[in-house]
Amino acid sequence: MQHPSFTSCYDLVGVGIGPFNMSLAALLSPLTHVNSLFFDQKQRFIWHDGMLLPESQLQVSFLKDLVTLVDPTNPYSFLAFLAKKKRLYQFLNAHFTHIYRAEFSQYLDWVSQALPNLQFGEKVEAIEFVDDTFRVHTDKRRVAGKNIVLGSGIAPHIPAWAAGKTGQNLYHNHEFMHRSQQWHNKRVAVVGGGQSSAEIIQSILADSANLPQTLHWISRRNQFLPMDDSPFVNELFIPSYSQHFYDLPHGLRQRKLKEQKLASDGISMSLLQNIYQRLYKLKLVDGLPLDIRLLPEHEVKQLQQTDTGYTINCHNLSLSHQRNIEVDIVILCTGYQAMVPNYLSQLAPNLIWEGQDFKVNKDYSIVWQGPPGNRIYVQNAAKHSHGIADPNLSLMAWRSAVIINSLLGEQIYDTAQENSVLDWQAIYPLHQPTEELLCDE
Ligand SMILES: Cc1cc2nc3c(=O)[nH]c(=O)nc-3n(C[C@H](O)[C@H](O)[C@H](O)COP(=O)(O)OP(=O)(O)OC[C@H]3O[C@@H](n4cnc5c(N)ncnc54)[C@H](O)[C@@H]3O)c2cc1C
């Protein structure tokens with residue numbers, strides 16, 4: 001159906017071209033009868049450019065690419081990229097346990113240039129629903145879509161004590177590569193105990209001629225803890241667990257997510273070893289007079305701007321002591337959070353919410369008050385309902401396949417999955433009084 005005031009009517013219009021919507025576009029590519037268009041405000045693809053540190057590595061297998069785990073024959077796999085770039089043999093000979101994130105970004109950029117239905121340099125400003133059609137307004141045009149998919153990512157989290165104070169020397173880690181890397185004679189604090197903080201510590205310590213005067217690494221966690229990448233824990237990152245998790249009661253799901261945090265938000269073991277070894281080398285082998293304080297079990301409570309920099313007020317969580325730290329630069333590695341994008345403001349009153357989150361169906365469509373034939377799919381906003389793997393690359397291809405099957409109302413991709421080695425049915429029996437027994441609601 002062509003709307004007179006709109007240039008086209010698509011089966012699916014996508015907002016954002018991060019890996020998740022790009023995976024969807026790649027798996028849609030063989031389906032020539034499906035008419036889709038995806039927008040991104042960036043001029044071209046680059047993967048979290050502010051955190052594309054030279055040494056950063058992917059935290060998952062490269063086989064968890066856009067398509068392979070659903071359709072290894074799709075032309076947009078990571079292996080296809082290696083073959084196209086004539087580096088397959090060298091890749092094998094290099095014996096990577098984990099590949100560089102820079103290379104994965106190159107792969108994604110290569111796919112982004114090959115797919116015809118990706119439009120960069122256009123920001124989606126508003127979406128309305130009129131006459132059984134979504135009307136998507138970008139800063140350059142308007143298009144109509146029967147269905148939409150939201151893939152605009154999650155937002156940096158700025159803690160309350162830093163709100164309104166960010167600037168050149170106090171910033172969230174997503175801007176790291178765009179800021180000065182001159183640490184010499186500077187007093188630096190890195191706040192946070194996850195992977196990003198560790199990557200930044202590694203980067204700050206990399207050049208002996210550019211070491212800071214003081215370096216504080218402050219984390220609420222009781223240690224600088226590794227990501228649990230062990231085989232049984234990785235069963236949380238397979239489709240059958242996600243499907244099982246979806247059917248659990250809300251309170252139990254929330255509790256499980258808290259318990260499982262280190263399966264996704266810990267630091268890669270190799271990176272922890274690298275930092276430890278670097279500290280050993282700098283202090284004990286090179287004998288440099290370093291002033292580096294590693295402060296787990298410390299929570300930042302306040303931050304004040306001074307004439308020369310900042311005073312950070314920290315709370316020692318085990319002893320209830322307070323401590324003030326004087327610094328010039330504060331890097332906030334304080335995570336990311338879901339947000340309701342501005343472009344949704346007109347649709348938001350018609351969406352059904354679970355607290356702050358969208359209520360999401362098993363097929364990743366948001367429950368809403370509009371016609372069931374018009375769906376609003378969502379990527380990277382269903383951790384509360386679909387499990388810990390939601391923001392991660394692990395289930396990206398499978399989730400795209402689930403969305404495509406739902407969109408077309410038929411089994412285009414085989415999403416029936418291998419069983420887990422763990423007996424989730426026995427651990428959390430469904431259709432039984434789990435709610436009363438296990439749920440803390
Ligand atoms: C530094 C970093 C490293 C990570 N490394 C790993 C890893 O190793 N392994 C793993 O499994 N996961 C990793 N993740 C988690 C996850 O895989 C990534 O965050 C992934 O990029 C999420 O993809 P996405 O498509 O949801 O969002 P994003 O990649 O954030 O993309 C969203 C896109 O939407 C666009 N956009 C936003 N608003 C609009 C609008 N109004 N109009 C048009 N476009 C818009 C943005 O420009 C952006 O390009 C990492 C995350 C970060 C932050």
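In what follows, every heavy atom counts, from backbone to side chain, and hydrogens, waters and symmetry copies are set aside. Quantities reported herein were computed from a predicted structural model and do not represent experimental measurements.
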Peer 1: Got a salt bridge between Lys261 and Glu259, using NZ or NE/NH1/NH2 to carboxylate O under 4.0 Å?
Peer 2: no
Peer 1: Under a 4.0 Å N-O cut-off, is there an ion pair linking Glu55 with Arg101?
Peer 2: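 Between Arg101 and Glu55 there is no salt bridge, as every charged N stays at least 4.0 Å from the carboxylate O atoms.
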Peer 1: Indicate yes or no: at least one non-hydrogen side-chain atom of Ile366 is less than 4.5 angstrom from one of Arg375.
Peer 2: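 No, their side chains stay 4.5 Å or more apart.
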Peer 1: Please lay out, stage by stage, how Asn313 and Thr311 fare under the test side-chain hydrogen bond (donor to acceptor under 3.5 Å, both in side chains).
Peer 2: CA-CA 6 Å; Asn313 176 255; Thr311 303; over 6 Å; no
Peer 1: Salt bridge check: are Lys362 and Asp247 linked by an N-O gap of less than 4.0 Å?
Peer 2: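 Looking at Lys362 and Asp247, the cut-off is met.
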Peer 1: Output a table of donor-acceptor pairs, distance under 3.5 Å, between side-chain atoms of residues 201-212 and any protein atom two or more places apart or on a different chain; print 'none' if there are none.
Peer 2:
{"unit_1": "Gln202", "atom_1": "NE2", "unit_2": "Asn274", "atom_2": "OD1", "d": "3.2"}
{"unit_1": "Asp207", "atom_1": "OD1", "unit_2": "Ala209", "atom_2": "N", "d": "3.0"}
{"unit_1": "Ser208", "atom_1": "OG", "unit_2": "Arg278", "atom_2": "NH2", "d": "3.2"}
{"unit_1": "Asn210", "atom_1": "OD1", "unit_2": "Trp183", "atom_2": "N", "d": "3.0"}
{"unit_1": "Asn210", "atom_1": "OD1", "unit_2": "His184", "atom_2": "N", "d": "3.2"}
{"unit_1": "Asn210", "atom_1": "ND2", "unit_2": "Gln181", "atom_2": "O", "d": "2.8"}

Peer 1: Applying side-chain contact (heavy atoms from CB on, under 4.5 Å), name anything that partners Ala381, two or more places apart in sequence or on another chain.
Peer 2: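 With sequence neighbours excluded, Ala381 shows a side-chain contact (heavy atoms from CB on, under 4.5 Å) to Phe358, Val378, given in chain and number order.
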Peer 1: Does the side-chain hydrogen bond (donor to acceptor under 3.5 Å, both in side chains) test come out yes or no for Ser152 and Tyr343, once each step is laid out?
Peer 2: CA-CA 10 Å; Ser152 48; Tyr343 62 76; 2.6 Å; yes
Peer 1: Go through the steps to decide whether Asn74 and Leu27 satisfy the test side-chain contact (heavy atoms from CB on, under 4.5 Å), and finish with yes or no.
Peer 2: CA-CA 7 Å; Asn74 184 291; Leu27 286 169; 3.9 Å; yes
Peer 1: Checking the side chain of Asn361 only, and the main-chain atoms of Tyr364 only, is there a donor and an acceptor separated by less than 3.5 Å?
Peer 2: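 Pair absent, no side-chain N/O of Asn361 close to backbone of Tyr364.
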Peer 1: Measuring from Leu279:CG to Leu294:CG, what's the distance to the nearest 0.5 Å?
Peer 2: 6.0 Å
Peer 1: Dump the intermediate steps for salt bridge (charged side-chain N to carboxylate O under 4.0 Å, His left out) on Lys123 and Glu125, then the final yes or no.
Peer 2: CA-CA 6 Å; Lys123 179 178 182 183; Glu125 295 185 326; 5.7 Å; no
Peer 1: CZ of Arg221 to CD1 of Ile267: how many Å apart, nearest 0.5 Å?
Peer 2: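 Here the rounded value is 7.0 Å.
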Peer 1: Looking at Asp328 and Arg187, is any side-chain nitrogen of the basic one under 4.0 Å from a carboxylate oxygen of the acidic one?
Peer 2: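 Salt bridge: yes.
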Peer 1: What's the verdict on ring pair (Phe, Tyr, Trp, His ring centres under 6.0 Å) for Tyr171 and His178, showing C-alpha distance, side-chain angles and the deciding distance?
Peer 2: CA-CA 10 Å; Tyr171 55 88; His178 307 309; over 10 Å; no
Peer 1: Do other residues, nucleotides or ligands put more than 12 heavy atoms under 6.0 Å from Lys359 NZ?
Peer 2: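 Atom NZ in Lys359 is not packed in, count stays at 12 or less.
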Peer 1: First locate atom CG of Asn117, then atom CD1 of Ile17, and finally report the distance between them rounded to the nearest 0.5 Å.
Peer 2: 8.0 Å
Peer 1: With under 30° as parallel and over 60° as perpendicular, where do the rings of Trp424 and Tyr241 fit, or are they tilted in between?
Peer 2: tilted
Peer 1: Could you go through Tyr100 and Gln57, starting from their C-alpha distance and side-chain angles, then the distance that decides it, and tell me whether this counts as side-chain contact (heavy atoms from CB on, under 4.5 Å)?
Peer 2: CA-CA 4 Å; Tyr100 288 111; Gln57 293 174 332; 4.2 Å; yes
Peer 1: Please tell me if the side chains of Val327 and Val188 come closer than 4.5 Å, counting only heavy atoms from C-beta onward.
Peer 2: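 No; the side chains remain at least 4.5 Å from each other.
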Peer 1: Considering only heavy atoms from C-beta outward, does the side chain of Ile427 approach that of Gln425 to under 4.5 Å?
Peer 2: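 Ile427 vs Gln425: side chains apart.
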Peer 1: Starting at CG of Asn405, measure out to CD of Gln411 and round the result to the nearest 0.5 Å.
Peer 2: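 Asn405 CG to Gln411 CD: 4.5 Å, rounded to 0.5 Å.
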Peer 1: How far apart are the C-alpha atoms of His384 and Phe245, what are their side-chain angles, what is the distance that settles it, and do they pass the ring pair (Phe, Tyr, Trp, His ring centres under 6.0 Å) test?
Peer 2: CA-CA 9 Å; His384 60 291; Phe245 182 89; 9.3 Å; no
Peer 1: List the steps, then state whether side-chain hydrogen bond (donor to acceptor under 3.5 Å, both in side chains) holds for His315 with Gln322.
Peer 2: CA-CA 5 Å; His315 188 83; Gln322 303 283 334; 3.0 Å; yes
Peer 1: Kindly compute the distance separating OG1 (Thr97) from NE2 (His95), expressed to the nearest 0.5 Å.
Peer 2: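 Here the interatomic distance stands at 10.5 Å.
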Peer 1: Taking the basic N atoms (NZ, or NE/NH1/NH2) and the acidic carboxylate oxygens, is any pair closer than 4.0 Å for Lys383 and Asp357?
Peer 2: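 No, Lys383 and Asp357 are not salt-bridged.
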Peer 1: The test is side-chain hydrogen bond (donor to acceptor under 3.5 Å, both in side chains); show your working for Thr415 and Trp398 and say whether it passes.
Peer 2: CA-CA 7 Å; Thr415 51; Trp398 175 78; 4.8 Å; no
Peer 1: Could you verify whether a donor N or O on one side chain and an acceptor N or O on the other, from Thr214 and Asp291, lie under 3.5 Å apart?
Peer 2: no
Peer 1: Going through the distances and angles, do Tyr336 and His157 end up as a ring pair (Phe, Tyr, Trp, His ring centres under 6.0 Å)?
Peer 2: CA-CA 5 Å; Tyr336 294 78; His157 168 65; 9.7 Å; no
Peer 1: Using only atom types and a distance under 3.5 Å, with no angle test, would you say the side chain of Ser268 pairs donor to acceptor with the backbone of Leu271?
Peer 2: no
Peer 1: In the structure I gave you, are the side-chain heavy atoms of Gln119 and Leu37 within less than 4.5 Å of one another anywhere?
Peer 2: yes
Peer 1: Look at the side chain of Lys283 and the backbone N and O of Leu288, then say whether any donor-acceptor pair between them is shorter than 3.5 Å.
Peer 2: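 It does not hold such a pair.
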Peer 1: Can you find a pair of side-chain heavy atoms, one from Ile325 and one from Cys314, that are under 4.5 Å apart?
Peer 2: yes
Peer 1: Can you tell me if Gln195 and Asp265 form a side-chain donor-acceptor pair at under 3.5 Å?
Peer 2: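 Short answer, no.
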Peer 1: Can you spot which of Phe78, Phe91, Phe62 makes a ring-ring contact (aromatic ring centres under 6.0 Å, His included) with Phe96?
Peer 2: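 Answer to the ring-ring contact (aromatic ring centres under 6.0 Å, His included) test with Phe96 among Phe78, Phe91, Phe62: Phe91.
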Peer 1: Salt bridge check: are Arg87 and Glu103 linked by an N-O gap of less than 4.0 Å?
Peer 2: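 Yes, this pair counts.
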Peer 1: Give, for atom CE of Met339 and atom CD of Gln356, the distance between the pair rounded to the nearest 0.5 Å.
Peer 2: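 One finds 14.0 Å between CE of Met339 and CD of Gln356.
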Peer 1: Testing Ser230, Ser420, Ser240 one by one against Glu235 for a side chain to side chain donor-acceptor pair (under 3.5 Å), which residue passes?
Peer 2: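 Result for side chain to side chain donor-acceptor pair (under 3.5 Å) with Glu235: Ser420.
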